[in-house]
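Take a look at the structure set out below.
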Protein chains: 2
Amino acid sequence: MSGHSLKQPDSELTNRSGHHVPGTSKYEQILQGAMRVFLQHGYASTSMDRVAAEAGVSKQTIYSHFQDKEGLFIALIERVTTRRFQIEFGPEPFHGEPATLLRRLAETLLSKMADQEYIAFIRTVIAESERFPELAQLYLRTVLQYGMHGLTTYFDSRPELNLPDSEATARIFFGSLVAFVLAQEVLHGKEIMPMESDRLVNSLVRLVLGSA
Amino acid sequence: MSGHSLKQPDSELTNRSGHHVPGTSKYEQILQGAMRVFLQHGYASTSMDRVAAEAGVSKQTIYSHFQDKEGLFIALIERVTTRRFQIEFGPEPFHGEPATLLRRLAETLLSKMADQEYIAFIRTVIAESERFPELAQLYLRTVLQYGMHGLTTYFDSRPELNLPDSEATARIFFGSLVAFVLAQEVLHGKEIMPMESDRLVNSLVRLVLGSA
DNA sequence: GTCTATATCTAGATAGAC
DNA sequence: GTCTATCTAGATATAGAC
């Protein structure tokens, strides 16, 4: 809650205290351990002792690389957001015929988000979005905005689709998919109200193309 | 994590230990205090001391009404899910012309979810969905399933809408709205990628009606 | 049933040897 | 930079008086 801030410029080679850091084996080890523990139990329920044990280092080693628990958590979520869980839609994701493109986009997104680690990651970002609002916004910028921009631009290049508001339509497209994963996976809805993701994708593609 | 389970039958008049309970002033007081603290700070970061202070009772009084911290949290979320945050769509929510009905439904949902307490509530349910999966499912059943059933049935009664999959379409409808609130409010997206909710509603209504 | 006081444990963070 | 050992605060839960 204190003086932590998101680093953009120097994030790869040094941390705020100056002693550098990544590339170092221990540093990576700590982040790996921290990822498992934080994503599984959440910020507050994770102890530094547990992180140390999971990472196979001593607690003091963690504190020599990171300022405190908050600093470690921020570094972890930053890393994981901008690298591991950056959603790549593949090469030339926003080219092709509308029906093919939309279906491919939807299926790619759903398959990337189907991973258990990704589920835990989303849950954690949402859970800590009040304590760490900048991390939530980083997630939105990194993951959502790229897709939004690409799809909006694509819609704009296809006036024959007859979409009155391409940006709002892109929101509906991604929003439906994210909400589906949220309900089915994060909130354990698939056990009590199952639905094949194909049905969602089919209807979604058809709705968007329906105005043409 | 232990022997707690969701009570369905006796939830209103007794708790598991048998000494009954609601109606009691202290009991309500505790739940009120617990709501403020738990929804603001999350489960793990909330201390029983803080709940006691916020509720204006002693800690031991809490333990005489609730088995432990988990029991209190479960009772709280159950109560709040089934009463305070049950989304009512008003009288005869699923009657009328499609365009009017869909718009009214969307606007009702968005306005109910715009409340700060509701935002905090959703965040908490998602945050604790791994520790308390039954609470997440209770939320889905209570809030989502009612709307899903109503809208799906309505779609089925309107074959002229030409919707190939009414259930999937209802998912898209509610999903878009929930995801919008999640991005804009919970994840603080409105500061970095603002969008008027009217634009979403307009496009959503038009998409659904577009196949007709 | 309700309070004050307390037992017990575990957390984050640091000291000091190597 | 890395470890073991430790300090101190705050947590859950309980004991015992009224």
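First the proteins, then the strands, lettered A, B, ... as listed; each starts at 1.
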Checklist entry - Taking only residues two or more places apart in sequence or in another chain, which ones pass salt bridge (charged side-chain N to carboxylate O under 4.0 Å, His left out) with B/Arg50? => result B/Glu54
Rounded off to whole Å, could you give me the [atom1]-to-[atom2] distance for the [X] and [N] pair?
X	N	atom1	atom2	result
B/Tyr63	C/dT2	OH	C1'	16 Å
A/Ile62	D/dT2	CD1	C1'	12 Å
B/His65	D/dA13	NE2	P	17 Å
A/Ile30	D/dG1	CD1	C1'	11 Å
A/Phe66	C/dG12	CZ	C1'	16 Å

Proximal nucleotide (of [options]) relative to the [X] side chain:
X	options	answer
A/Lys26	C/dG1, D/dT2, C/dG12	D/dT2
A/Ser64	D/dG1, C/dT4, C/dG12	D/dG1
B/Gln60	C/dA13, D/dA15, C/dG16	D/dA15
B/Lys59	C/dG1, D/dA13, C/dC3	D/dA13

Checklist entry - What is the ring orientation for B/Phe73 with B/Phe38, classed by angle as parallel under 30°, tilted 30 to 60°, or perpendicular over 60°? => result perpendicular
Checklist entry - Do A/Ser166 and A/Thr169 have a side chain donor and acceptor closer than 3.5 Å? => result no
Checklist outcome for this item: Expected list for residues 40-50 of chain B near DNA chain C, using heavy atoms below 4.0 Å, is none
Item to check | Pair A/Arg131-A/Glu128, salt bridge (charged side-chain N to carboxylate O under 4.0 Å, His left out): steps then yes or no | outcome: CA-CA 5 Å; A/Arg131 197 192 302 254; A/Glu128 303 306 333; 3.3 Å; yes
Checklist entry - Hey, are B/Glu134 and B/Arg141 close enough for a salt bridge, meaning a charged N less than 4.0 Å from a carboxylate O? => result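 No salt bridge links B/Glu134 with B/Arg141.
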Item to check | Pair B/Glu28 + B/Arg79, salt bridge at N-O below 4.0 Å | outcome: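 Salt bridge: yes.
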Next on the checklist: Counting only side-chain nitrogens and oxygens, does B/Thr61 get under 4.0 Å of the OP1 or OP2 atom of C/dT2?
Outcome noted: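 Looking at the OP1 and OP2 atoms of C/dT2, neither is under 4.0 Å from any side-chain N or O of B/Thr61.
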